[in-house]
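Report on the following structure.
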Amino acid sequence: MIDKLSKQEILEKLNNKNIEVTVLESTDSTNAYLKRSIRDDLKEGFAIIADSQTLGKGRFSRKFYSPKNSGIYMSILLRPSLSPENAVLITAAAAVAVSRAIEKLSGKETKIKWVNDIYISSKKVCGILTEGSINSDGSFNYAILGIGINAYKPENNFPNEIKDIAGAIFSQKKENLRNTLIAEVINNFFQYYNNLESKTFLDDYRQKSLVLGKEIKVPKNDKLFSAKALEIDDNCRLLVEYDNNEREYLSSGEISIGVDF
Ligand code: BTN
């Protein structure tokens with residue numbers, strides 16, 4: 001059974017008919033491709049989706065393993081009106097959008113590791129990388145929402161470096177499953193994004209959190225500090241309490257709970 005990406009199948013399933021979709025067999029990175037394509041008249045909702053990436057990018061300059069026939073690598077152009085310090089809301093809304101789409105199509109429970117990773121049974125199945133360009137007045141010129149999803153196990157399995165932490169959502173290939181998942185993610189995302197200020201995704205974001213109530217490690221000045229994750233506030237900041245009882249709101253960046261890549 002094959003599951004081929006198809007622009008037509010994706011478009012048919014999208015609620016918002018203004019979304020423009022380009023499907024590529026391969027590119028270096030869909031985020032980089034989209035960045036190169038940006039012109040002032042390119043509208044919000046322009047999406048690049050690839051079957052594989054040769055230089056898939058993760059956060060903190062990591063690579064995102066992106067082999068053919070198994071994943072979804074997609075970048076969506078946004079023209080956000082919110083201020084860039086609230087950009088984390090875009091990533092959080094996307095995380096909930098992906099989580100719900102995966103749960104609907106797989107029946108499996110997903111968890112979100114603050115702020116941008118999605119897990120099924122302790123294995124990372126999706127990573128999100130939001131990048132932005134800021135105008136001289138401090139507002140967003142554009143943002144690129146990059147989403148990488150491990151739909152199926154890669155043909156040659158995950159490489160050794162990530163095989164213990166990366167997982168796939170589906171065990172069997174099914175025709176159009178990736179196209180349906182892509183459309184579902186985009187539909188969910190724009191439902192939240194179009195009402196971002198009302199933060200309708202926030203309850204789900206908290207409820208699906210993999211870190212709330214857990215002991216975590218927070219890196220600072222090349223050291224790791226133990227802390228307890230207490231709360232996610234309305235701006236998606238994570239309130240942590242260190243062993244010396246000091247508390248801090250973390251805005252984004254890395255935390256670790258023993259699973260990471
Ligand atoms: C992470 O796990 O740190 C984020 C991974 C983000 C990967 C996606 S795949 C589509 C888009 N293009 C990229 O090069 N990266 C993002």
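Values below: every heavy atom of this structure, side chains too, minus hydrogens, waters and symmetry copies. When a ligand or atom number is given, it counts from 1 through the structure's own listing order. From a predicted model like this one, the values you see are computed outputs, not experimental measurements.
- Atoms of ligand 1 lying under 4.0 Å from any heavy atom of Thr30, numbered from 1 in the order shown and given with element: 10 (C), 11 (C), 12 (N).
- Which of Arg62, Lys124, Arg59 comes nearest to atom 2 (O) of ligand 1 through a heavy atom is settled by distance: it is Lys124.
- Atom CZ of Arg247 sits about 5.5 Å away from atom CG of Leu239, to the nearest 0.5 Å.
- Only side-chain heavy atoms of Ser75 come within less than 4.0 Å of ligand 1; its backbone N, CA, C and O stay farther off.
- Listed by atom number, the atoms of ligand 1 under 4.0 Å from Phe64 heavy atoms are 2 (O), 5 (C), 7 (C).
- Geometrically, Lys124 does not engage Tyr119 in a cation-pi contact, judged by NZ or CZ lying under 6.0 Å from the ring centre and within 45° of the ring axis.
- Of all the atoms in ligand 1, the ones that sit under 4.0 Å from a non-hydrogen atom of Gly58 are 1 (C), 3 (O), 4 (C), 5 (C).
- At least one heavy atom of Met74 sits closer than 4.0 Å to an atom of ligand 1.
- Applying the salt bridge (charged side-chain N to carboxylate O under 4.0 Å, His left out) rule to Glu9 yields the partners Lys13; only residues at least two apart in sequence or on another chain are considered.
- Between the side chain of Asn150 and the main chain of Ala168, no donor-acceptor pair closer than 3.5 Å is present.
- Close approach to Leu129 involves these atoms of ligand 1, each under 4.0 Å from a residue heavy atom: 6 (C).
- Formation of a donor-acceptor pair under 3.5 Å by the Arg206 side chain with backbone atoms of Ile232 is found in this model.
- For ligand 1, the atoms closer than 4.0 angstrom to any heavy atom of Lys57 are 5 (C), 6 (C), 7 (C), 13 (C), 14 (O), 15 (N), 16 (C).
- Of all atoms in ligand 1, numbered sequentially from 1 with element shown, those under 4.0 Å from a heavy atom of Gly56 are 14 (O).
- Taking the ring axis of Tyr142 as reference, the NZ or CZ atom of Arg79 does not stay both within 45° of it and closer than 6.0 Å to the ring centre.
- Under the 30°/60° scheme for interplanar angles, the aromatic rings of Phe64 and Tyr73 are found to stand perpendicular.
- Listed by number with element, the atoms of ligand 1 under 4.0 Å from a non-hydrogen atom of Ile128 are 4 (C).
- Contact atoms of ligand 1 toward Ser29: 12 (N), 13 (C), 14 (O) (distance under 4.0 Å to a heavy atom of the residue).
- Any N or O atom pair closer than 3.5 Å counts here, and Tyr73 shares no such pair with ligand 1.
- Judged as a ring pair (Phe, Tyr, Trp, His ring centres under 6.0 Å), and not counting sequence neighbours, the contacts of Phe189 are Tyr193.
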